[in-house]
Each structure stands twice: as structure tokens, then as C-alpha cells.
There are 2 protein chains.
Amino acid sequence: MEKQAVTIYDVAREAGVSMATVSRVVNGNANVKPATKEKVQAVIDKLNYRPNAIARGLASRKTTTVGLVVPDITNQYFAELARGIDDVAKMYNYQIILAGADESNQEGAEVLDNLLGKQVDGIIFIGNQLSDKVRERLASVDMPTVFAGSIDRQGTDPSVNINYQQAFKEATDILVKHGHQRIAFISGSLNHVINQEHKLAGYQQALVDAGLPLDKALVFQGDYSYQSGYAMTNQLRASKATAAIVVNDEMAAGLLNGLTDSGVQVPADFEVITSNSSKLTEMTRPQLSTITQPIYDIGAVSMRALTKLLAHEPLDDDQVTLAHGFSKRGTTR
Amino acid sequence: MEKQAVTIYDVAREAGVSMATVSRVVNGNANVKPATKEKVQAVIDKLNYRPNAIARGLASRKTTTVGLVVPDITNQYFAELARGIDDVAKMYNYQIILAGADESNQEGAEVLDNLLGKQVDGIIFIGNQLSDKVRERLASVDMPTVFAGSIDRQGTDPSVNINYQQAFKEATDILVKHGHQRIAFISGSLNHVINQEHKLAGYQQALVDAGLPLDKALVFQGDYSYQSGYAMTNQLRASKATAAIVVNDEMAAGLLNGLTDSGVQVPADFEVITSNSSKLTEMTRPQLSTITQPIYDIGAVSMRALTKLLAHEPLDDDQVTLAHGFSKRGTTR
DNA sequence: CTGAAAGCGCTTACAG
DNA sequence: CTGAAAGCGCTTACAG
């Protein structure tokens with residue numbers, strides 16, 4: 001089908017040199033006489049030679065390809081991370097293989113196997129939770145891996161995140177200062193380490209510091225979707241909560257609209273803080289007050305870290321923590 | 001770095017057969033005695049053998065990899081298309097290489113070259129407009145290509161879309177019926193064929209049918225972003241328009257919020273219809289009335305078409321048109 | 001600075 | 001039904 005146009009052999013013959021020399025020119029190897037280099041380069045241009053990355057990958061055992069494991073690319077947070085990753089990958093001449101891995105089923109391991117079969121040089125993991133199966137498999141092949149905006153139970157691999165616990169504590173503090181006695185925590189599954197050990201922990205710390213009780217009836221688990229946020233509205237109202245802090249923007253948007261639809265005035269009667277500062281936070285009305293995090297940068301820094309790993313350069317910092325902030329918008333007073 | 005665990009040679013030796021036989025078993029070739037097959041499979045399982053896709057790709061000249069060219073994965077419309085594409089790709093055991101190609105600069109050609117270097121079997125193109133440079137390059141290599149939710153000037157490659165012209169005509173008809181005399185058309189660049197020849201054409205047709213004048217002052221060009229929609233507000237008001245139809249949801253969300261912020265009541269004083277029915281249309285307040293299109297399916301059908309192309313199976317239909325509809329929500333009366 | 005040759009891990013005719 | 005061998009298009013020591 002594809003007409004494998006010109007090979008390294010063609011340019012070697014045409015330029016009157018060996019394949020090895022062509023290879024050196026293509027790869028920018030210094031040990032080539034300038035005149036030779038020019039001659040070869042001319043032929044390359046003339047023949048419009050483009051090296052076959054597959055052959056190169058087989059011979060060198062490096063594919064300049066990295067796998068991006070991501071549960072759902074239509075999620076704004078993940079998509080913005082992916083954008084940062086892809087941009088930096090491009091800079092360093094890596095390609096991204098998308099590995100959509102729905103976290104709710106067991107396809108993660110299969111997806112990973114496919115990636116390994118493709119001989120990716122490394123992996124970037126985005127997601128709420130790494131399944132045990134996947135972690136096991138990952139460990140067994142010792143593939144360079146970076147976690148972007150994601151927390152692994154083990155914490156042995158490099159990662160880039162904000163300090164979720166601190167950010168959630170601060171956000172909860174704001175609600176506490178506004179006098180709320182019953183503040184809800186709207187989470188994804190609490191089996192996800194990032195929720196249980198980081199975000200929930202920050203929320204609880206703020207309550208404890210304020211002398212408020214920890215009431216389990218104020219902790220809700222959704223599935224990160226707009227719908228699950230919307231569907232939570234009645235339960236939330238029944239809990240007598242007067243404010244909520246939400247772990248992701250899609251659920252927060254759903255919740256906000258649910259509240260509004262059931263006649264609750266936000267922020268007058270109920271305050272909401274979300275936590276990803278994705279594009280969505282500007283689109284709702286009122287706009288969502290949010291913990292701010294540099295999502296694009298988290299992705300970019302993660303990919304940069306992976307390129308270092310692959311080049312065997314030292315990482316200044318294994319567990320990078322970027323700065324977070326808070327943006328007061330329309331859902332807080 | 002990577003320990004290339006076991007090769008086909010290892011399992012051949014262990015199973016007491018030739019590499020060729022192992023290859024046949026792995027590829028499900030029928031010409032293997034059941035007993036042999038079992039024996040080999042047992043060794044494969046025992047050694048946990050996973051074929052090296054790179055070597056396979058080199059030998060067979062097929063990589064089971066397709067390139068996905070997409071301008072911005074953080075755009076909801078594109079992301080939902082990508083999701084459909086990726087899901088079907090997974091079913092047919094294809095991997096997706098993400099090729100982010102900002103349409104505003106010239107990196108498209110480079111990105112395509114990278115894809116070709118990686119020996120992808122085919123390409124799915126998502127985007128507002130294919131640059132001439134890219135089209136040229138694409139044509140010169142005759143790579144199987146499918147356009148997903150996207151229009152190419154030539155229209156020679158297979159594509160999956162809705163009937164944009166008809167959809168925009170119908171949507172404009174609705175606004176006409178509501179008595180609007182000045183209906184704005186909020187577009188991306190009019191140099192983009194999909195806008196000029198399809199969406200704008202449908203809008204204009206409705207106006208002509210209704211005996212309304214075509215006023216260029218009512219046609220606006222943004223860059224598809226929320227910000228560009230928001231920034232258009234004042235101009236739009238100055239145009240004396242009382243309704244608008246918008247080519248994508250992010251701009252529509254920006255416009256809606258811009259109108260609301262400047263004290264315009266939507267839909268009482270101004271009606272808005274958007275056209276992608278992405279998740280965003282539910283998140284705004286009021287929720288956006290929208291042309292509905294099966295975005296996920298457009299992606300899925302596109303990828304399915306590509307798999308057929310790659311298997312040299314006939315395509316029932318080269319230019320697939322899926323059904324569209326209209327969903328009345330809060331921004332129309 | 002340059003070339004000959006082996007090898008990367010597979011698939012694919014070709015024989016039998 | 002199975003195997004021996006060539007070949008996919010490169011890179012990489014090794015020599016010189």
C-alpha cells in the first residue's frame with residue numbers, strides 16, 4: 001500500500017558512501033567530514049529521504065515514543081494535562097501513543113501490554129487511581145514512568161502534582177471562615193488514594209483545626225462526571241450542608257446546576273469551591289470559585305521529567321510540587 | 001533499560017519448533033496442527049511471551065498504528081471525537097499516535113512527517129481546516145485517510161460528518177420563526193471551508209428563504225475559543241442582532257456569558273443556538289440550545305471506516321452523513 | 001573520518 | 001503441517 005519511497009541504502013548509493021555514513025549524518029554524529037556531510041545531506045534532500053522510525057527502533061531499541069495512559073480524554077482536567085504533555089513531547093521529538101484506559105473495568109492491564117508491545121520508551125500516567133494489576137505489571141518491566149497530576153499509592157515513581165492536602169485545607173478554611181458549620185466534601189471514590197489520603201485529609205484537617213466535627217454524612221462519593229454531581233443535589237441538601245468543596249470541575253458544575261435548579265441560591269444560600277481550575281470553571285454561571293493549579297504545566301513538567309529519565313539525566317526533584325492558589329469567583333461570597 | 005524479556009526464538013527453542021511455527025500460532029494462522037499449537041501456546045504462556053510490535057512492523061510493513069491529527073485536544077468537540085476513535089481503535093487492535101497540530105502555525109506538515117516516519121498505517125484527521133501544505137504532503141504519499149467531523153476542500157478522502165448546511169439552515173429557521181430580523185452568524189475563520197461553504201451557506205439559505213437580507217455586519221469570525229466568544233459581545237450588541245447561531249460550543253459559552261454579564265437577558269432579549277452538543281452545552285446557564293450531532297459516533301464510524309480501508313474491504317459509503325437534530329434548551333424561547 | 005558486517009525480532013514466500 | 005532462510009531498514013561496535 002505504502003510506497004516505502006527511499007531507504008538509507010538508496011541515499012548511500014546515490015551519494016557514493018556507505019549506509020553507516022548516511023546514518024551518521026542523519027543522526028548528527030560529529031565524526032563526519034564536513035564535505036561528506038554536505039554531499040550526503042544534498043542527496044537526502046534531493047531524494048526526500050525520511051528515516052524509517054520502525055527500523056530505527058528495532059536496531060537501536062529506542063522508539064522515541066511514550067505511552068500516555070489516561071482514563072478519559074473528554075475530561076477537561078485530563079485533556080489539559082495531555083496538552084501540556086504533548087507540547088513538550090513534540091519539543092523533544094517524542095511521539096505520544098494514546099492509551100485510553102477506563103478505570104472502571106479491567107482493561108488497564110491490556111492497554112499497558114499493548115503499550116509495552118509497541119516498545120514505548122516510557123510512560124506517563126494520568127488518572128485518579130492506578131489499579132493494582134497495572135502497578136504490578138509496570139513494576140515487573142521497570143519502564144520509566146512519570147505520574148502527572150496523579151498520585152500513586154507507592155510513590156516510588158517520579159510525579160508532578162500540587163500539594164492537594166494543603167490546597168484542600170486552605171479552601172476548606174475559607175468556608176469555615178464564612179461561618180459554615182456543615183461543609184460537605186464531594187469526592188470521587190474514596191478508594192482512590194488521591195481523594196482519601198490527600199484531598200479528604202486536607203478537608204478534615206481544616207475542620208479539626210476549627211473544632212468542627214467530622215461527620216461522615218457530609219462526605220459524598222461520585223464518579224467524577226457532571227451527571228453524578230447533578231444527581232447528588234438532593235442528598236446534599238438532605239445533609240443540611242451549607243457549603244461544599246468538590247474534587248473535580250465536572251462534578252462541581254453538575255452540583256452547581258443541580259442546586260440552582262432546586263431553587264438554592266449560590267453563593268447566597270450555599271457556597272461551592274471546586275479544585276481543578278479547568279476551562280469549565282469559567283463557563284458555569286455563577287463561575288466556580290476554585291483552587292487553582294497549573295494544569296498545563298503539570299503535564300509539561302511531567303513530560304520534561306520523562307525526557308530526562310530517558311536521557312539518563314538526573315532529576316533535580318523526584319516528586320515535584322507546583323504552586324497552587326485560589327481564585328475567588330461567583331460561587332463563594 | 002528495558003529488559004527485552006523473551007523473544008520468538010526463546011519460545012521456539014523451548015517448544016521444540018521453528019520460529020515460523022511460533023509466528024503462525026501467535027498470528028492465529030490456521031495451518032498448525034492443534035497439538036503443536038497447544039504446545040506452543042503453553043510455552044508462550046509460561047514464558048509470558050509478548051511479540052515485539054516494532055519487529056513485527058518492520059517485517060510485515062504494517063504497524064497497526066494510526067495517526068490522529070487534532071488541533072487541540074482540550075476542545076470538547078475534538079476530545080469527544082477522539083474518544084470515539086480511540087474506543088474503536090482499541091476494538092480492532094490499533095494504537096493511536098496523537099499528533100497535536102496547532103492550525104494557526106505551520107507545524108502541521110512537520111507533525112505529519114513524524115507520523116509518516118513512524119510508519120502509521122493510516123491517518124484520521126480532525127480539525128477545522130486542512131492546510132494546503134499538509135494536503136499536498138498527504139496526497140504525495142497516498143496514505144489511507146479519513147476525515148472525522150471535518151471537511152476537506154477536495155472531498156476525495158472518506159469522511160464522516162453531519163449535513164452541516166442543512167443543520168444550520170434548520171437552526172436558523174427556528175430563529176426566523178421566532179421573528180428575528182437580525183440574526184448573527186458566529187463563525188471561526190471564514191477561510192475554513194466547513195464554515196464558509198457549509199455552515200454559513202445553511203444560515204444564508206434560511207435567510208434568503210425567509211426574504212431576509214444578507215448583512216455582512218452580522219457575520220463574526222472568532223478563533224473557536226471561549227475567550228473569543230466572550231470578547232465578541234460588544235460588537236455583537238452593536239450590530240443590533242437579536243439572535244445568534246454559533247459554530248462551536250466554546251465560543252457559544254463565551255458569548256452567552258458575555259451577554260449575560262452585559263445585562264442582556266438570554267433568551268428573553270437574545271436567543272443563542274450552538275452546534276456541537278458537546279458536554280459543555282449542559283454546563284452553562286441557561287443551558288445552550290443546540291444542533292445535536294452524534295460526536296462520539298462520528299469518531300467511532302470514522303475509525304471503523306479506516307479499519308476497513310486498511311483491510312482492503314469495500315466502504316459502503318465514502319462520504320458518510322450521520323443524522324443530526326436539534327435540542328431546545330434554555331437559550332431559545 | 002569511513003566502511004563491512006552483524007544484528008535488532010519478527011514475517012513471509014518457498015520447499016517439502 | 002512445518003522448517004530453513006531471506007529480508008524488513010536501520011544502528012552499532014569493530015577495524016582501519
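Side chains are part of it too, since the values below use all heavy atoms of this structure and drop only hydrogens, waters and symmetry mates. Letters go in sequence order (proteins before strands), and every chain restarts at 1.
In terms of the salt bridge (Lys or Arg N to Asp or Glu O under 4.0 Å) criterion, residue partners of A:Asp152 (sequence neighbours excluded) are, by chain and number, A:Arg135. Take B:Gln319 and apply the side chain to side chain contact (heavy atoms under 4.5 Å, CB included) test, not counting sequence neighbours, and it matches B:Ser159. Residues passing the ring pair (Phe, Tyr, Trp, His ring centres under 6.0 Å) test with A:Tyr94: none are found, sequence neighbours excluded. Looking at residues two or more places apart in sequence or on another chain, you find a side chain to side chain contact (heavy atoms under 4.5 Å, CB included) between B:Ser189 and B:Asn191, B:His192, B:Gln221. In this view, A:Ser302 satisfies the side chain to side chain donor-acceptor pair (under 3.5 Å) rule with no residue, not counting sequence neighbours. In terms of the side chain to side chain contact (heavy atoms under 4.5 Å, CB included) criterion, residue partners of B:Ser23 (sequence neighbours excluded) are, by chain and number, B:Ile8, B:Asn27. Under the salt bridge (Lys or Arg N to Asp or Glu O under 4.0 Å) criterion, B:Asp318 pairs with no residue, sequence neighbours left out.
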*Map every base of DNA chain D to its dot-bracket character, where paired means a Watson-Crick or G-U wobble contact with both distances under 3.5 Å and | marks a partner outside the strand.*
|||.||||||||.|||
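Side-chain atoms of A:Asn161 do not come within 3.5 Å of backbone N or O of A:Thr321 as any donor-acceptor pair.
Atom OH of B:Tyr9 is separated from atom P of D:dA4 by 10 Å (rounded to the nearest Å). Regarding B:Leu47, its CG atom lies at a distance of 15 Å from the C1' atom of C:dG9, rounded to whole Å. Rounded to a whole Å, the CZ atom of B:Arg50 is 14 Å from the P atom of C:dG9.
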*nucleotides 11-16 of chain C: protein proximity per nucleotide (B base, S sugar-phosphate only, - neither; heavy atom, under 4.0 Å)*: BBB---
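Taking only side-chain nitrogens and oxygens, A:Arg61 never comes nearer than 4.0 Å to OP1 or OP2 of D:dC10. Contact check, B:Ser18 against D:dA4: no side-chain N or O comes under 4.0 Å of OP1 or OP2.
Of the residues in residues 32-39 of chain B, not one places a heavy atom less than 4.0 Å from an atom of DNA chain C.
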In residues 34-49 of chain A, what donor-acceptor pairs under 3.5 Å come from side-chain atoms, sequence neighbours left out?
from, atom 1, to, atom 2, distance (Å)
A:Gln41, NE2, A:Asp45, OD1, 3.1
A:Lys46, NZ, A:Glu14, OE2, 2.6

Check: residues 72-88 of chain A side-chain donor-acceptor pairs under 3.5 Å, at least two apart:
from, atom 1, to, atom 2, distance (Å)
A:Asp72, OD1, A:Thr74, N, 2.9
A:Asp72, OD1, A:Thr74, OG1, 2.9
A:Asp72, OD1, B:Arg83, NH1, 2.9
A:Asp72, OD2, A:Thr74, OG1, 3.2
A:Thr74, OG1, B:Lys279, NZ, 3.2
A:Asn75, OD1, A:Tyr77, N, 2.9
A:Asn75, OD1, A:Phe78, N, 3.1
A:Gln76, NE2, B:Thr74, O, 3.1
A:Tyr77, OH, A:Gly149, O, 3.3
A:Glu80, OE2, A:Lys279, N, 3.0
A:Arg83, NH1, B:Asp72, OD1, 2.9
A:Asp86, OD2, B:Gly100, N, 3.4
A:Asp87, OD2, A:Tyr296, OH, 2.5

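A:Lys118 and B:Thr65 share a donor-acceptor pair across their side chains, judged by distance under 3.5 Å alone.
Here D:dG9 is the nucleotide among D:dA4, C:dC10, D:dG9 with the atom lying nearest to any side-chain atom of A:Leu58.
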